[in-house]
Amino acid sequence: MSAAPVIRVVIVDDDPMVRTGLRLILGGEPDLDIAGEAPDGKRAMAVVRDLAPDIVLMDIRMPQQDGLTTTERLLARPSPPRILVLTTFDADDLVLRALQLGAHGFLLKDTPPPRMIAAVRAVARGEPVLSPTVAQQVIAAATGRYEPHRPEAVRELARLTEREREVAIEVARGSSNTEIAAALSVSVATVKANITRIFTKLGTDNRVHVAMRVRDAGLL
């Protein structure tokens, strides 16, 4: 049985303590390789060009070139890395903008190590990741003033089967596909199939849109 492929990671953050912490958390995992670091977005461009990592852990607020600009420029390149944004509680508008630019996931910097490790692996597999707190912030920022039980959201969610609603609620909580599978005692393949059907019925390809509709329908 062959070993799991190694996921190459570049850490981009202007705080050396954050970089050290992330390196210690992730570097001890056999399938995660900290290929390089950068203290700002401008230097990150060169580091990513030279090292071609699979994942970039991207801070938003940095000198020289911020994380949003860097994310946009990296994703415009051929064969870009996946971007996992690191954020704080006061970055709602910036997180939403990063989502619009195509970032693949969002984590708070104080995310527990096991969840952070799982998130990096999930993004490497192509699964979008939203930490639960960030998910709620993004939903709030996207919807503005919250009006529970909005009729159109209730009608949209009524199209889902009971299992699809369970999966949609877990998506709204910020759970990864693997976490949803464990919570509902189904396979990851089943979760993916349900999410595909949810996207089709709600007319979207975005997990945040699903989370917004779940909240608007009063299911959280």
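One is the number of the first residue; the rest follow in order along the sequence.
Glu179 is linked by a side-chain contact (heavy atoms from CB on, under 4.5 Å) to Arg115, Ser175, Ser176, counting only residues two or more places apart in sequence or in another chain.
Counting only heavy atoms from C-beta outward, the side chains of Glu166 and Ile169 never approach each other to under 4.5 Å. At a threshold of 4.5 Å between non-hydrogen side-chain atoms, the residues Asp13 and Leu57 do not count as touching. Side chains of Thr70 and Val12 form no contact here, defined as non-hydrogen atoms less than 4.5 Å apart. A 4.5 Å side-chain heavy-atom check between Asp40 and Asp14 finds every atom pair outside the cut-off. Under the 4.5 Å side-chain criterion, counting only non-hydrogen atoms from C-beta, Pro5 is not in contact with Asp31. Within the 4.5 Å cutoff, side-chain heavy atoms of Val56 are placed close to those of Pro81. Phe106 is not listed as a side-chain neighbour of Val129, based on a closest heavy-atom distance of 4.5 Å or more. Counting heavy atoms from C-beta on, the side chains of Val10 and Glu37 never come closer than 4.5 Å.
Summarising the geometry of Ala217 relative to Leu157, their closest heavy-atom pair is CB-CG, 4.1 Å, with the distance given to 0.1 Å. Closest heavy-atom contact between Val85 and Ala103: CG2-CB, 3.7 Å. The heavy-atom pair separating Leu68 from Leu101 by the smallest distance is O-CD1, 3.4 Å. In plain terms, the two heavy atoms of Arg165 and Ala158 that are nearest each other are NH1-O, 4.4 Å. Here the shortest heavy-atom pairing between Ala35 and Leu51 reads O-CD1, 3.3 Å. Heavy atoms only, all atoms of each residue included: Ala124 and Ile7 are closest at CB-CD1, 3.6 Å.
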Task: Residues Ile117, Ile25; criterion side chain to side chain contact (heavy atoms under 4.5 Å, CB included); working and verdict - done: CA-CA 8 Å; Ile117 291 166; Ile25 290 170; 4.0 Å; yes
Task: Verdict with supporting geometry, Gln65 and Arg73, side-chain hydrogen bond (donor to acceptor under 3.5 Å, both in side chains) - done: CA-CA 11 Å; Gln65 182 172 289; Arg73 292 179 179 177; 2.6 Å; yes
TODO: With side chain to side chain contact (heavy atoms under 4.5 Å, CB included) as the test, would you mind laying out the steps for Ile11 and Ile34 before giving the verdict?
DONE: CA-CA 8 Å; Ile11 300 168; Ile34 307 304; 3.9 Å; yes
Open item on the list: Arg125 vs Thr178, test: side chain to side chain contact (heavy atoms under 4.5 Å, CB included). Steps then yes/no.
Closed with: CA-CA 11 Å; Arg125 292 193 300 268; Thr178 302; 2.9 Å; yes
Task: Leu86/Ile60 under side chain to side chain contact (heavy atoms under 4.5 Å, CB included): CA gap, chis, key distance, verdict - done: CA-CA 7 Å; Leu86 301 174; Ile60 291 182; over 6 Å; no
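The pair Glu164-Lys201 meets the salt-bridge criterion, since a charged nitrogen lies less than 4.0 angstrom from a carboxylate oxygen. One finds a salt bridge joining Glu170 and Arg173 here, because a Lys/Arg side-chain nitrogen approaches an Asp/Glu carboxylate oxygen to under 4.0 Å. Looking at Arg61 and Asp66, no side-chain N of the basic residue comes within less than 4.0 Å of a carboxylate O on the acidic one, giving no salt bridge. Ion pairing of Asp54 with Arg8 is absent here, as no side-chain N (NZ or NE/NH1/NH2) approaches a carboxylate O to less than 4.0 Å.
To the nearest 0.5 Å, atoms CD (Glu127) and CZ (Arg207) are separated by 7.0 Å. One distance of note links CG of Leu202 with CD of Glu156; it measures 5.5 Å at 0.5 Å rounding. The distance from the CD1 atom of Ile195 to the OG1 atom of Thr200 is 12.0 Å, given to the nearest 0.5 Å. The CZ atom of Arg49 lies 9.0 Å from the CE atom of Met45; values are rounded to the nearest 0.5 Å. For the atom pair Arg43 CZ and Met62 CE, the distance stands at 11.0 Å (nearest 0.5 Å). To the nearest 0.5 Å, atom CZ of residue Arg163 and atom OG1 of residue Thr161 are 8.5 Å apart.
For Thr196 (side chain) and Lys192 (main-chain N/O), a donor-acceptor pair under 3.5 Å exists by modelled atom type. Between the side chain of His104 and the backbone N or O of Arg82, no donor-acceptor pair lies under 3.5 Å. With hydrogens and angles disregarded, no donor-acceptor distance shorter than 3.5 Å links the side chain of Thr111 to the backbone of Leu107. Within the 3.5 Å criterion, the main-chain N or O of Thr190 finds a donor-acceptor partner in the side chain of Asn194.
The hydrophobic cluster containing Ile198 does not contain Val188, counting ILVMFWY residues as joined when their side-chain heavy atoms lie under 4.5 angstrom apart, directly or transitively.
Atom NZ of Lys109 is surrounded by more than 12 heavy atoms from other residues, nucleotides or ligands within 6.0 Å.
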